[in-house]
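Working notes, structure below.
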There are 2 protein chains.
Amino acid sequence: MIPDHDGAFAPTTEDAPSSSGFLDDGKNTIGSQLAFRLREAIISGELQAGSKINLDKARKTFNVSLSPLREALARLISDGLVEFEDNRGYRVSSISLANLEEITNLREEFEIFALRESMRLGDVEWEGNVMRALHRLNRAERDAARPETLERWEELHREFHLTLISGCGKPILLHFCRLLLNLNDRYRRVFLTRTSGDRNVSQEHSEIAQGAVARDLDYSCDMLRQHIHRTGTNLRKHLATKGIL
Amino acid sequence: MIPDHDGAFAPTTEDAPSSSGFLDDGKNTIGSQLAFRLREAIISGELQAGSKINLDKARKTFNVSLSPLREALARLISDGLVEFEDNRGYRVSSISLANLEEITNLREEFEIFALRESMRLGDVEWEGNVMRALHRLNRAERDAARPETLERWEELHREFHLTLISGCGKPILLHFCRLLLNLNDRYRRVFLTRTSGDRNVSQEHSEIAQGAVARDLDYSCDMLRQHIHRTGTNLRKHLATKGIL
DNA sequence: ACTATCCAAATAATCGATTATCTGTCAAGG
DNA sequence: CCTTGACAGATAATCGATTATTTGGATAGT
């Protein structure tokens, strides 16, 4: 469950990372659903990075009133996907090489820290969740020609990484990692629709997960670091190539 | 300037940490001013941790309409000071021993990381800002009997810590540190109105700052770690004593 | 007594209209 | 020409009223 807007850094009430992470369970307010839709629109690149968000147009596009629209945008600000300035309105956060590099760098720092803590503190429950998330991810197909598989894969991928560090017992840290993962996903969704040829991502995930449940701290952390680093490097290349900077 | 709501993780436009960090420059929208007032009310303890925020009452108390009130609360959610649940409304984030410990722990990790980066990358401008912030802080008085001096000291103290790490060139990291500092300040404001007898906080700050501009990485980082750690320990004691947990 | 169901008051969410602010354009003055 | 100021259109912010949801308490059934 990504949104994480049930409360700020709530002490992680979730029993097990709900598989149906992103389900729009119909039970929410318009504001929540809208936040969900907008988030997807931004992460998928449908709403271009850096572009201004005209409230009137958005209101009409999504068929909602201003109140829930602002509500939704406020949440995306917390997520770092939208920026805001008094009397100037909202705009989709820009992407840049520097931003990508920072995200990658911070992910390395924070996720490794959180993984280490998880291995130190995680219980059997956590181990089980990790193995499940791994299995589900590795079973999911990822066909660039079929967007719905990409979306599904992204969801499971994020779920995997979050589950991996979910045993750390640090809600705020988890919150930060979730944000970074979110930000990172946007770059991947926009620039990478397939895995680069020289990588076997499934295997990378397996190595990390197995090292984690075996409590092989150094090995698992090292694998994770490399994993994040490689993704960063690939993204950097693609960003430079398609280079809209 | 703390609020940091000019945009998500904006590439730090600020030339120098504006001394007038918190000035309510009158030029903002009602929502912004309200966010400012509410933040102060929460950090100062005026709004009790864990308490529910009744929109109607708040609306009347602050003499505003619902829209700006929700706007303001949305910002405090980003700050981690307020929690929210669909159809259930808002409440002031709770405090707890675990929460305090996490904040302290993460501050140690992140601020040290950011300080190290600042020392690696910071320019003369940064050095100057650090020395200025230090001077201003050490000159400020802090009299438990006069709340306005406490408030002022807190502002300068936050400013000092932020300036110290402002050279790191990592806007997102800075954003996270700012949040943690904010959260931490609430504990101090509520539980510590004076420095514990066995500490010379001014000297601690001086040591950190001087080590920083001298680029003595290990020394400065170590001093900062101890500084944060001591504060955490003190707060923990007071929390246990006045223990409303 | 205990639980379940329904109702009413309290509270949150949303809407449409109004007010305030900003932005770009054009004219007058230098 | 360039700058300055004023205007108009576009856009954001706010408000008051309406609608939807939740909560707590009363009632009926076991």
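What you see is a predicted model; the values in this text were computed from it and never measured.
Of the two residues contacting DNA chain C, namely Gly31(A) and Leu66(A), the nearest-nucleotide position lying further toward the 5' end is that of Gly31(A). Each of Arg59(B) and Lys57(A) has a nearest nucleotide on DNA chain D; the 5'-most of these lies closest to Lys57(A). Nucleotides of DNA chain C nearest to Ser67(B) and Ile53(B) differ in position, and the one nearer the 5' end is that of Ile53(B).
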Every protein N/O within reach of nucleotides 5-8 of chain C N/O, cut-off under 3.5 Å:
none

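With sequence neighbours excluded, the residues forming a side chain to side chain contact (heavy atoms under 4.5 Å, CB included) with Lys237(B) are Thr233(B), Asn234(B), listed by chain and number. Residues that satisfy the side chain to side chain contact (heavy atoms under 4.5 Å, CB included) test with Val92(A), not counting sequence neighbours, are Ile42(A), Leu47(A), Ser51(A), Ile53(A), Arg186(A).
Rounding to whole angstrom units, CG of residue Asp56(A) and C1' of dA12(D) are separated by 9 Å. Rounded to a whole Å, the CZ atom of Arg91(A) is 13 Å from the P atom of dT11(D). Rounded to an integer number of Å, the gap from Lys60(A) NZ to dA10(D) P is 11 Å. One atom, CG of Leu73(A), and another, C1' of dT14(C), lie 16 Å apart when rounded to the nearest Å. Between the CG atom of Asp86(A) and the P atom of dA20(C) there is a distance of 17 Å, given to the nearest Å. One can place CG of Leu55(A) at 12 Å from P of dT14(D), the figure rounded to the nearest angstrom. Rounded to whole Å, the distance from CZ on Phe62(B) to P on dC15(D) is 14 Å. If you take CG of Asn87(A) and C1' of dT14(D), they are 11 Å apart, rounded to a whole angstrom.
In this structure, the nucleotide among dA12(C), dC22(C), dT14(D) sitting nearest to the side chain of Arg88(A) is dC22(C). Taking the side chain of Ile30(A) as heavy atoms from C-beta on, and the options dC15(C), dT14(D), dA12(C), the nearest nucleotide is dC15(C). Among dA12(D), dG16(C), dT14(D), the nucleotide with an atom closest to any side-chain atom of Ser65(A) is dG16(C). Closest to the Asn54(B) side chain, of the nucleotides dC22(C), dC15(D), dA12(C), is dA12(C). Ranking dC15(D), dT14(C), dA12(D) by closeness to the Thr29(A) side chain, first place goes to dT14(C).
The CZ atom of Phe62(A) lies 8.0 Å from the CG atom of Leu69(A); values are rounded to the nearest 0.5 Å.
Ion pairing between Arg189(B) and Glu40(B) holds under the 4.0 Å rule for side-chain N and carboxylate O. Using a 4.0 Å cut-off between charged side-chain N and carboxylate O, Arg107(A) and Asp185(A) make no salt bridge. With respect to Glu141(A) and Arg146(A), a salt bridge is recorded, a charged nitrogen being found less than 4.0 Å from a carboxylate O.
Note: His157(B) and His161(B) have perpendicular aromatic rings, judged against thresholds of 30 and 60 degrees for the angle between ring planes.
Neither OP1 nor OP2 of dC22(C) sits under 4.0 Å from any side-chain N or O of Lys52(A).
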